[in-house]
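Read the structure below first, then the notes.
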Amino acid sequence: MKPKQMVMYGVLSFLAASVLALYVYFFGRLDEQSPNETVQTYMLSLRNQDYEQLYDLMSTESLEQSELSREQFIQKYKSIFEGMGVTKIEVNAGTPIRLEDSSNYMLNYSAVLNTWIGEIHEKYQLILTQEKRDKGKPWKIQWMPSLILPDMAAGDKVSVKVLKPERGEITDRDGYALAAGGTAYEWGITPSKLGGDPDVAIRKISDYFHIPVDVIKKKLAQKWVKPEYFVPVMNIDDPQIPDDLPGVSIHTKEVRSYPLGEAAAHLTGYVRQVTQEDLQKDKEGYYKADDWIGKSGLEQSMENQLRGQKGGIIEVINEHGKRKSIIAQKPAVNGQTLKLTIRSEVQQALYDTLSGDAGAAVMMDPVHGDLLALVSTPSYNPNKMVRGLSQTEWDSYSQDPTLPFFNRFTNRYAPGSVFKAVTAAAGLTEKVTTPEKSHHIQGLHWRKDDSWGGYYVTRVKDAASVNMVDALVYSDNIYFAQEALEMGSQKFIDGIRKFGFGENFNLAPLYLKPSQYANKNHLSLDSEVLLADTSYGQGEMLMSPIHLAASFTPFVNEGNMMMPILFANQKEKVPVQQIITPEVANTVKSSLSQVVKRSSGTAHALSSAKRNLAAKTGTAELKSKKGEAGQENGFLVAFDLDSSSYLLTALVENVNGRGGSHYVVNKLRPFLEKY
């Protein structure tokens, strides 16, 4: 063979051998996985919190050493991450690095765990090894506890402690508590102490506390109960019990307390332990089964401010129960204290005065706007709502036709004749009404003309000639109906709307709805009949007692209307609005003083009070059509002419046959004489 041919043959042989070697190297490894593929799957599984997939990525040897079954592995991850409140995991991985003197790879990566106490930033390290016993020699991860949290080792556990905030107090203007922490007494049974015949002991307990035997047995049959455990049954007012009640003892517990009880229940509301319904509505996941939540009043509307924010500690605990490290912590933030403008002694006294009737009362400082008392009767005991009602107590509330849970100081009513003061101010402003202007009226009924059909306006006192002052003193419907018609609907609306219609006065926490002078379809008051009725507080007019109080403040303040203020920290933020001139305001105020001073005035009974009072009364009749008898609600608005220290609005429902507004005057007179 020639040399040249020999060289060529050698080259070809070398190339053939190289190709064969490359073929064996590459195609012999086609069914083997890359470490990167395992890493990518691992990261995706972490992000998705797919613990089953994580288990499949772990090496057989490391899982055998951990002695964790598939179910135990999945449950371990799940319980730790759910206990920490992990909602999201963000992972950032580097590139696997081959370890020296080893076929294994090492990977460093970081993770951000979003939990209920904030983000947790951790740095991890894992080892990848090949499962040579498996076909394709897949890359697997050597499992170790530090893959859950870097500080974890064998035998360690993760402890999650919730730090609960203290609920903020609700106080009056002087710092006295309206809602705060308190102590309740709770009686219960320790099963192991029931004696030799538990059934006999339970019957004896049942007889003493007037609780069915079945109720007691059901309490004792709860799954968590053990013989030596104290099983709470019911709250009790008197901690003193007979010594011969076997197994019974009294424990104390911290609960929300309402010192004024019924007197401020509709204002403060109450708290209860969360229900399943509350948990379903909790989109932020804040509440747990043993938490408390506001269920009515300010407790409900100001829940986020009062409850504060939970804190927590996530820590790694070693096998001896000692803290190994703190993974994350966040201090609890106590709830805010709500300081109200309410004066406790006035609140209590006004409630006591109004008790026995269904009604409401609002006392307001007309110069500064402070709400001094907000009362609704009948009421309920918020302390019992917190500590638990017996069936008898619940039935007495729920079946009461006077609706003790109904908040009347925020409810809207037809104000009746008390509104004539506002109509007078509108007429004076529009230069239609003057104090001396008289109307000559015959009889107790009047209608404009035949276009009114069978409809007419009625009055109580038959006076042939009536001026504005007389009309306020006698509460003459016909006079103000005629004045409103002379003004016309637009001037009348312009005159009264500025008195706060459509406003909720920044009192959304009281669930206060804006008042209305007419329904939305009749806002132009095109109907003369509706215009006439509206002029004396009937028709479609609806006003809350709070708004009614605010609407009288211009008559005390030289024409400035004060917005009602409930929260002490709002006092500097409320603007003063001058809605009528001082001349108009003083003219109406002077006329309202005559309602008390004149013997023929509807509030003359208040002339015996120590204070120099001005007032307006009203009776609103609720009925479906003219000529029918309907429910009558009586109203009184009164204020101090000398010191301008308070303005009182009160209403009593169903004064039919009891003297109408005179009943309200006589009921409130003792309070006004004293305060």
Side-chain angles (χ1 to χ4, degrees), residues 172-174 176 260 262-264 341-368 370-379 408-409 415-418 421 472-475 545-546 548-550 552-553 555-557 564 588-619 633-653 655 658-675:
D172 76 351
R173 65 191 299 114
D174 298 314
Y176 294 114
L260 292 189
E262 292 93 337
T341 56
I342 298 297
R343 194 179 295 279
S344 289
E345 68 272 21
V346 176
Q347 181 80 18
Q348 184 69 59
L350 195 51
Y351 173 79
D352 293 341
T353 300
L354 203 60
S355 291
D357 281 297
V362 174
M363 179 166 272
M364 180 177 177
D365 178 341
V367 176
H368 302 100
D370 294 1
L371 290 167
L372 305 175
L374 294 169
V375 168
S376 179
T377 57
S379 186
R408 289 170 165 86
F409 62 72
S417 294
V418 289
L472 287 171
V473 171
Y474 307 149
S475 202
I546 293 175
L548 199 54
F552 269 67
T553 59
F555 308 134
V556 183
N557 288 316
V588 175
K589 178 170 70 172
S590 176
S591 301
L592 295 178
S593 72
Q594 297 302 309
V595 177
V596 176
K597 291 178 180 178
R598 287 197 198 179
S599 60
S600 56
T602 56
H604 181 64
L606 298 180
S607 61
S608 61
K610 297 177 181 178
R611 299 284 186 179
N612 184 19
L613 300 177
K616 184 69 191 81
T617 64
T619 303
N633 297 327
F635 291 83
L636 168 67
V637 180
F639 56 89
D640 190 331
L641 284 165
D642 296 330
S643 68
S644 302
S645 58
Y646 68 85
L647 186 152
L648 174 69
T649 295
L651 81 96
V652 175
E653 295 179 0
V655 293
R658 298 194 289 168
S661 61
H662 295 290
Y663 178 84
V664 186
V665 172
N666 290 326
K667 190 172 185 66
L668 272 296
R669 182 172 60 181
F671 174 85
L672 289 168
E673 288 177 344
K674 183 175 182 180
Y675 286 91

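All values derive from a computational prediction rather than experimental measurement.
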Go through it in stages, so that I can follow the logic: the residues are Arg343 and Asp174, the test is salt bridge (Lys or Arg N to Asp or Glu O under 4.0 Å), and I'd like the CA-CA distance, side-chain angles, deciding distance and then a yes or no. CA-CA 7 Å; Arg343 194 179 295 279; Asp174 298 314; 3.7 Å; yes
Summary of side chain to side chain donor-acceptor pair (under 3.5 Å) pairs that have at least one residue in residues 588-603, sequence neighbours excluded: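 Every side chain to side chain donor-acceptor pair (under 3.5 Å) pair that includes a residue of residues 588-603, provided the two are not neighbours, is Asp470-Arg598, Thr602-Thr617.
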Once side chain to side chain donor-acceptor pair (under 3.5 Å) is applied, do any residues pair with Ser644, and if so which ones, sequence neighbours excluded?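 Side chain to side chain donor-acceptor pair (under 3.5 Å) check on Ser644 returns nothing, list empty.
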Treating [X] as the side-chain partner and [Y] as the backbone partner, does any N or O pair qualify as donor plus acceptor under 3.5 Å?
| X | Y | result |
| --- | --- | --- |
| Glu673 | Lys610 | no |
| Ser608 | Ala605 | yes |
| Ser417 | Gly618 | no |

Might you point out which heavy atoms bring [X] and [Y] nearest each other, and give the distance in Å?
| X | Y | value |
| --- | --- | --- |
| Arg611 | Ser643 | NH1-OG, 3.9 Å |
| Ala615 | Val595 | O-CB, 3.3 Å |
| Thr619 | Ser661 | OG1-N, 3.1 Å |
| Ser607 | Val596 | N-CG1, 3.6 Å |
| Leu648 | Ala361 | CD1-CB, 4.5 Å |
| Pro415 | Leu548 | CB-CD1, 4.2 Å |

Checking Leu636 against Thr649 for the side-chain contact (heavy atoms from CB on, under 4.5 Å) test, could you report, in this order, the C-alpha distance in whole Å, the side-chain angles of both residues, the deciding distance, and whether it holds? CA-CA 6 Å; Leu636 168 67; Thr649 295; over 6 Å; no
Could you check whether any side-chain heavy atom of [X] comes within less than 4.5 Å of a side-chain heavy atom of [Y], counting everything from C-beta outward?
| X | Y | value |
| --- | --- | --- |
| Phe552 | Met364 | no |
| Arg173 | Asp370 | yes |
| Met363 | Leu371 | no |
| Val346 | Phe671 | yes |
| Val655 | Asn633 | no |
| Leu592 | Phe555 | yes |
| Leu672 | Tyr646 | yes |
| Val665 | Leu606 | yes |

With sequence neighbours left out, what residues match [X] under salt bridge (Lys or Arg N to Asp or Glu O under 4.0 Å)?
| X | answer |
| --- | --- |
| Asp642 | none |
| Asp365 | none |
| Glu653 | Arg408 |

Identify every side-chain donor-acceptor pair in residues 350-358 under 3.5 Å, counting partners at least two apart or on other chains, and give the distances.
from, atom 1, to, atom 2, distance (Å)
Asp352, OD1, Gln348, NE2, 3.1
Thr353, OG1, Ala349, O, 2.8
Ser355, OG, Tyr351, O, 2.7
Asp357, OD1, Arg658, NH1, 2.9
Asp357, OD1, Arg658, NH2, 3.2
Asp357, OD1, Tyr663, OH, 3.4
Asp357, OD2, Tyr663, OH, 2.6
Asp357, OD2, Lys667, NZ, 3.0

Begin from the C-alpha positions of Asn557 and Val367 and carry the test side-chain contact (heavy atoms from CB on, under 4.5 Å) through to its verdict. CA-CA 6 Å; Asn557 288 316; Val367 176; 3.6 Å; yes
Quick one, Phe639 with Leu613, criterion side-chain contact (heavy atoms from CB on, under 4.5 Å). Give me CA distance, side-chain angles, the key distance, then yes/no. CA-CA 6 Å; Phe639 56 89; Leu613 300 177; over 6 Å; no
What's the separation between atom CG in Asp172 and atom CD1 in Ile342, rounded to the nearest 0.5 Å?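 That separation rounds to 8.5 Å.
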